[in-house]
A.B. asks: 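Have a look at this one.
Reminder, nothing fancy here: chain letters follow the sequence lines and each chain counts from 1. Please read all numbers here as calculations on a predicted model, not as lab measurements.
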Amino acid sequence: MIENKGERDGMLGNWRRTHFCGDIWKYSYGRTVVVAGWVHDIRNLGGVAFLQIRDRTGSLQITLEKSTIPEIFDALVGLSRESVIMVEGTVTENPQAPRGFEIIPGKVKVLAESAVPLPLGVADKVFAELDTRLDNRFLDLRKREIYSIFKIKHEILDGMIRGLHGLGFVQVQTPKIVATATEGGTELFGVDYFDNKCYLNQSPQLYKQMLMGAGFDRIFEIGPVFRAEEHDTVRHLNEFISIDIEMSFADEWDAIDVLEKVVRIAVERASECRNEIESINDGRKTLNKLINKVNMNIGVQNKRIKKDNQRLKAAGEELKPLLKPKEKYDALDIKPIKKTVLSYMDNYNEEEAKKSGMPRVKYEECIDIAQRKRVAVEFGDDLSMEAMKTIEEVYPSYYFITHWPTEIKPFYVQPYENTPEVCRSFDLNFGSKEITSGAQRVHDISLLESNLVEKNLDPKNFDFYLAPFRFGMPPHSGWGLGLERLMMVLTGMRNVREVVLFPRDRYRVIP
RNA sequence: GCCCCGAUGGUGUAGCCCGGCCCAUCAUCUCGGCCUGUCGAGCCGAGGACACGGAUUCAAAUUCCGUUCGGGGCGCCA
């Protein structure tokens, strides 16, 4: 055991947390605990005050009785919301308290007072818009329903890493600063690299393939990728996390099997986060517009009642009661938003899923579905959002699209040997949302070169890419999964920015 | 890149169509006061906003033009 020989005389002194707020239950009744966190709310009733302290696990009630602990009462009731405190106290059972118990403090420490007003209320009863929230993300992230998103992200990443590890994949890291585009096509961000011009990598594709040539056999990488495209939608970012795998001696069906396993693990791990899912649901079940409508209605009525009461008071008559918030909120007919992860898991039967799996749907069938709904598409077109919406009606959950036309896929995708007009490329979708794309890659150098020519690309510009293929490249397949896209599906978020701590889009680089 | 829409206190909004009844609505919030069981606390009082620039008009939050910032849809993609 390592002894801490330093003197503990700083602000914290010898104070150390013994419990998170959410970790105190019946077994702790009667014990002395130390909790640390933010002042969520204080309700001061005069002789007694109730302070809600909050950490990442939840909140609990500190009860302050003025007559018994006047110093502590005075020290805490004047604090602003979101100040940081530590409280040592006794966990006391009390059926009147919110969770059946409360903390009666013995000692308290104020570590940081918060300025007022807050640019974004953490405990406020109005919902700020996403842009306001992102501008003040450090406050936004204090909300439990927002933190829950990132807890779920942590859980699914842990699950997927373990799953890939179990399947024999080795985790690697590849450069994000590169000299040239690895795939061509997309716009890249330029970087001043000493005296040269470099780029932020759009995909680890080339490096993954080099490692196949190096005999690493099965690798995965979880890292950022950068796209300089000027898209501006609820599902695009200019920096996002890609989970990439590549495997040797494998065709696209092997890669699909790995993907299905990994996604199923992610879904299962997310569905185990019951508390987090619940808090996301709770945080969203009311809608601003509805609240405002009702508030306005009742606020105006109350104002009228108050005016009447002034008159009645002067006449010595009985006063009318004001409308209470309880009635106000009861007037709202609000149904919780059902989260996708739950609706998927409600119908999810592990045995059934293992048997049937996620459907493999041929591109051709997708075209059929869209055409039957009178969407103007034909073989060879990319699937537009309009077309995807019709396919979503038939396949509302996870499914793969296979057998894509070779001509709309990149030069490095392996065509089918007997039907070269279709290729070994696949997408994983959830409804109309694309989550992953992958393929068996071309490993034969002469085919690569002729493909380049066919796509009107000059093989000379791809020397850097082609070199490893000259010296023994095994057949290989892989995919890249957009972590944020998967998170959107799992948490039911409509905007990809919700599932990124500090999103980078076309207009936002701060904070 | 294309098309549509918007900007009112710290936050979320009403008012805008039909200019004057607006030194601007309601809630939340902040501050002060009362209250010993709150738990979406309550009650009393106070505070705080028409994005910026120009035009029309006797009169502009409201109409028009420009700028800036934001939202939605599509394209492309993950």
A.B. asks: May I ask you to establish whether A:Arg99 and A:Trp25 are in a cation-pi arrangement, using a distance under 6.0 Å from NZ or CZ to the six-membered ring centre and at most 45° from the ring axis?
C.D. replies: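 Cation-pi check for A:Arg99 and A:Trp25: passes.
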A.B. asks: Counting distance alone, no hydrogens or angles: does the base of B:C39 have a donor or acceptor under 3.5 Å from a partner atom on the side chain of A:Arg99?
C.D. replies: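 There is none.
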A.B. asks: Please determine whether ring pair (Phe, Tyr, Trp, His ring centres under 6.0 Å) holds for the pair A:Phe430 and A:Tyr398, giving the CA-CA distance in whole Å, both sets of side-chain angles, and the decisive distance to 0.1 Å.
C.D. replies: CA-CA 4 Å; A:Phe430 182 92; A:Tyr398 296 94; 4.7 Å; yes
A.B. asks: Taking the same atom, C1', in B:U67 and in B:G9, what whole-Å distance lies between them?
C.D. replies: 24 Å
A.B. asks: Mind checking A:Ser384 for me? I need base, sugar-phosphate or nothing, with any heavy atom below 4.0 Å counting as a touch.
C.D. replies: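 Sugar-phosphate, no base atom in range.
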A.B. asks: So, is A:Ser437 near the phosphate of B:A78, with a side-chain N or O under 4.0 Å from OP1 or OP2?
C.D. replies: yes
A.B. asks: OP1, OP2 of B:A41 versus side-chain N and O of A:Arg43: anything below 4.0 Å?
C.D. replies: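 Yes, within the criterion.
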A.B. asks: In whole Å, what separates the P atom of B:U8 from that of B:C50?
C.D. replies: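 It comes out at 10 Å once rounded to the nearest Å.
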A.B. asks: Under 4.0 angstrom, heavy atoms only, what part of the nucleic acid is A:Arg494 near: base, sugar-phosphate, or nothing?
C.D. replies: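 Result for A:Arg494 = sugar-phosphate.
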A.B. asks: Taking CD from A:Gln96 and C1' from B:C39, how many angstroms apart are they, rounded to a whole number?
C.D. replies: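 About 11 Å, once rounded to whole Å.
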A.B. asks: Which part of the nucleic acid, if any, lies within reach of A:Lys303 when heavy atoms closer than 4.0 Å are counted: base, sugar-phosphate only, or nothing?
C.D. replies: sugar-phosphate
A.B. asks: Sort out the partner of B:C58 for me: Watson-Crick or G-U wobble, both distances under 3.5 Å, none otherwise.
C.D. replies: B:G20
A.B. asks: Looking at every strand, decide which applies to A:Pro119 at a 4.0 Å heavy-atom threshold: base, sugar-phosphate, or nothing.
C.D. replies: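 If one applies the 4.0 Å heavy-atom cut-off, A:Pro119 turns out to touch the sugar-phosphate alone, with no base involved.
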A.B. asks: When rounded to the nearest Å, what value does the distance between P atoms of B:U57 and B:G19 take?
C.D. replies: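 Nearest-Å result for B:U57 against B:G19 at atom P: 16 Å.
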A.B. asks: Select from A:Arg497 and A:Val48 the residue whose nearest nucleotide in RNA chain B is closer to the 5' end of that strand.
C.D. replies: A:Val48
A.B. asks: Starting at atom CG of A:Leu64, determine the distance to atom P of B:U36, rounded to an integer number of angstrom.
C.D. replies: 14 Å
A.B. asks: Which part of the nucleic acid, if any, lies within reach of A:Gly46 when heavy atoms closer than 4.0 Å are counted: base, sugar-phosphate only, or nothing?
C.D. replies: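 Since a base atom lies under 4.0 Å of A:Gly46, the category is base.
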A.B. asks: Select base, sugar-phosphate, or nothing to describe what A:Ala97 touches, counting heavy atoms under 4.0 Å on all strands.
C.D. replies: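 The residue A:Ala97 makes base contact.
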A.B. asks: Can you tell me, in whole Å, how much space there is between the P of B:G66 and that of B:A59?
C.D. replies: 23 Å
A.B. asks: Is a donor-acceptor contact shorter than 3.5 angstrom present between the side chain of A:Thr63 and the base of B:U38?
C.D. replies: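 For A:Thr63, whose side chain was compared with the base of B:U38, there is no donor-acceptor pair (under 3.5 Å).
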A.B. asks: Whole angstroms only, please: what is the CH2-C1' distance between A:Trp404 and B:A78?
C.D. replies: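 My rounded result for the distance is 13 Å.
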A.B. asks: Within this structure, what is the CG-to-C1' distance between A:Asn495 and B:G70, rounded to whole angstrom?
C.D. replies: 13 Å
A.B. asks: Please determine whether any donor N or O and acceptor N or O are separated by less than 3.5 Å between the side chain of A:Asp124 and the base of B:G10.
C.D. replies: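 Per atom types, the contact qualifies.
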A.B. asks: In whole angstroms, how far is the P atom of B:C39 from the CD1 atom of A:Ile42?
C.D. replies: 16 Å
A.B. asks: Quote, to the nearest angstrom, the P distance that separates B:G47 from B:G54.
C.D. replies: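 Per the computed distance, 31 Å lies between those P atoms.
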A.B. asks: Whole Å only: how far is the CZ atom of A:Arg235 from the C1' atom of B:C77?
C.D. replies: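 Whole-Å distance recorded here is 9 Å.
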A.B. asks: Using distance alone, with no hydrogens and no angle criterion, decide if A:His476 and A:Gln209 have a side-chain donor and acceptor under 3.5 Å apart.
C.D. replies: yes
A.B. asks: Categorize A:Leu481 for me: base, sugar-phosphate, or nothing, with a 4.0 angstrom heavy-atom threshold over every strand shown.
C.D. replies: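 Since no nucleic acid heavy atom lies under 4.0 Å of A:Leu481, the category is nothing.
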A.B. asks: Under 30°, 30 to 60°, or over 60°: which ring-plane class applies to A:Tyr363 and A:Trp404, parallel, tilted or perpendicular?
C.D. replies: tilted
A.B. asks: When you check the phosphate oxygens OP1 and OP2 of B:C29, does a side-chain N or O of A:Arg81 lie under 4.0 Å from one of them?
C.D. replies: yes
A.B. asks: I'd like the C1' distance from B:C4 over to B:C22, given in whole Å.
C.D. replies: 31 Å
A.B. asks: Which is true for A:Thr436 with a 4.0 Å heavy-atom rule: it touches a base, it touches only sugar-phosphate, or it touches nothing?
C.D. replies: sugar-phosphate
A.B. asks: Would you state whether a donor and an acceptor, one from the side chain of A:Glu102 and one from the base of B:G37, lie under 3.5 Å apart?
C.D. replies: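 By the distance-only test, yes, there is a pair.
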A.B. asks: Compute whether any side-chain donor of one residue and acceptor of the other, for A:Ser80 and A:Glu82, lie under 3.5 angstrom apart.
C.D. replies: no
A.B. asks: With rounding to whole Å, what would you report as the distance between B:U62 and B:A55 at their C1' atoms?
C.D. replies: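 About 15 Å, rounded to a whole number of Å.
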A.B. asks: Which whole number of Å gives the distance between the P atom of B:A78 and that of B:G40?
C.D. replies: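 Comparing P positions in B:A78 and B:G40 gives a spacing of 47 Å.
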A.B. asks: Hey, are A:Glu93 and A:Lys26 close enough for a salt bridge, meaning a charged N less than 4.0 Å from a carboxylate O?
C.D. replies: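 Salt bridge: no.
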A.B. asks: Whom does B:U13 pair with, Watson-Crick or G-U wobble, provided both distances fall under 3.5 Å?
C.D. replies: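 Because no pair has both required distances under 3.5 Å, B:U13 counts as unpaired.
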A.B. asks: Please name the nucleotide paired to B:A7 by Watson-Crick or G-U wobble geometry with both distances under 3.5 Å, or report none.
C.D. replies: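 Matched B:A7 with B:U68 under the 3.5 Å cut-off.
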A.B. asks: May I have the distance from A:Asn44 (atom CG) to B:G37 (atom P), rounded to whole angstrom?
C.D. replies: 12 Å
A.B. asks: Now, which nucleotide makes the Watson-Crick or G-U wobble pair with B:G47, with each of the two distances under 3.5 Å?
C.D. replies: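 Here B:G47 is engaged in a pair, and the nucleotide opposite it is B:C29.
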A.B. asks: Considering heavy-atom distances to RNA chain B, does A:Phe240 or A:Val234 have its closest nucleotide positioned more toward the 5' end?
C.D. replies: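 The 5'-side residue here is A:Val234.
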A.B. asks: Compare side-chain N and O positions of A:Lys306 against OP1 and OP2 of B:C44 and report whether any pair is under 4.0 Å apart.
C.D. replies: yes
A.B. asks: Write down the distance between CG (A:Asn302) and P (B:U28), rounded to a whole number of angstrom.
C.D. replies: 10 Å
A.B. asks: Reckon A:Asp131 touches a base, only the sugar-phosphate, or nothing at all at heavy-atom distances under 4.0 Å?
C.D. replies: sugar-phosphate
A.B. asks: Under a 3.5 Å limit for both distances, which nucleotide forms a Watson-Crick or G-U wobble pair with B:C39, could you say?
C.D. replies: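 With both distances under 3.5 Å required, B:C39 matches none.
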A.B. asks: Is any side-chain heavy atom of A:Ile104 closer than 4.5 Å to one of A:Thr68?
C.D. replies: no
A.B. asks: Would you say the side chain of A:Lys176 lies within less than 4.5 Å of the side chain of A:Pro224, judging by non-hydrogen atoms?
C.D. replies: yes
A.B. asks: Please confirm whether any donor atom in the side chain of A:Gln61 sits under 3.5 Å from an acceptor in the base of B:U38, or the reverse.
C.D. replies: yes
A.B. asks: Using a cut-off of 4.0 Å on non-hydrogen atoms, how would the nucleic acid contact of A:Thr233 be classed: base, sugar-phosphate, or nothing?
C.D. replies: base
A.B. asks: Over 60° means perpendicular and under 30° means parallel, so classify the ring planes of A:Tyr465 and A:Tyr412, tilted if in between.
C.D. replies: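 Ring orientation of A:Tyr412 relative to A:Tyr465: tilted.
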A.B. asks: Contact class for A:Ile435 (heavy atom, under 4.0 Å): base, sugar-phosphate, or nothing?
C.D. replies: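 Sugar-phosphate, backbone atoms only, no base.
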A.B. asks: What's A:Lys389 touching, base or sugar-phosphate or nothing? Going by heavy atoms closer than 4.0 Å.
C.D. replies: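 Answer is sugar-phosphate: A:Lys389 comes under 4.0 Å of backbone atoms only.
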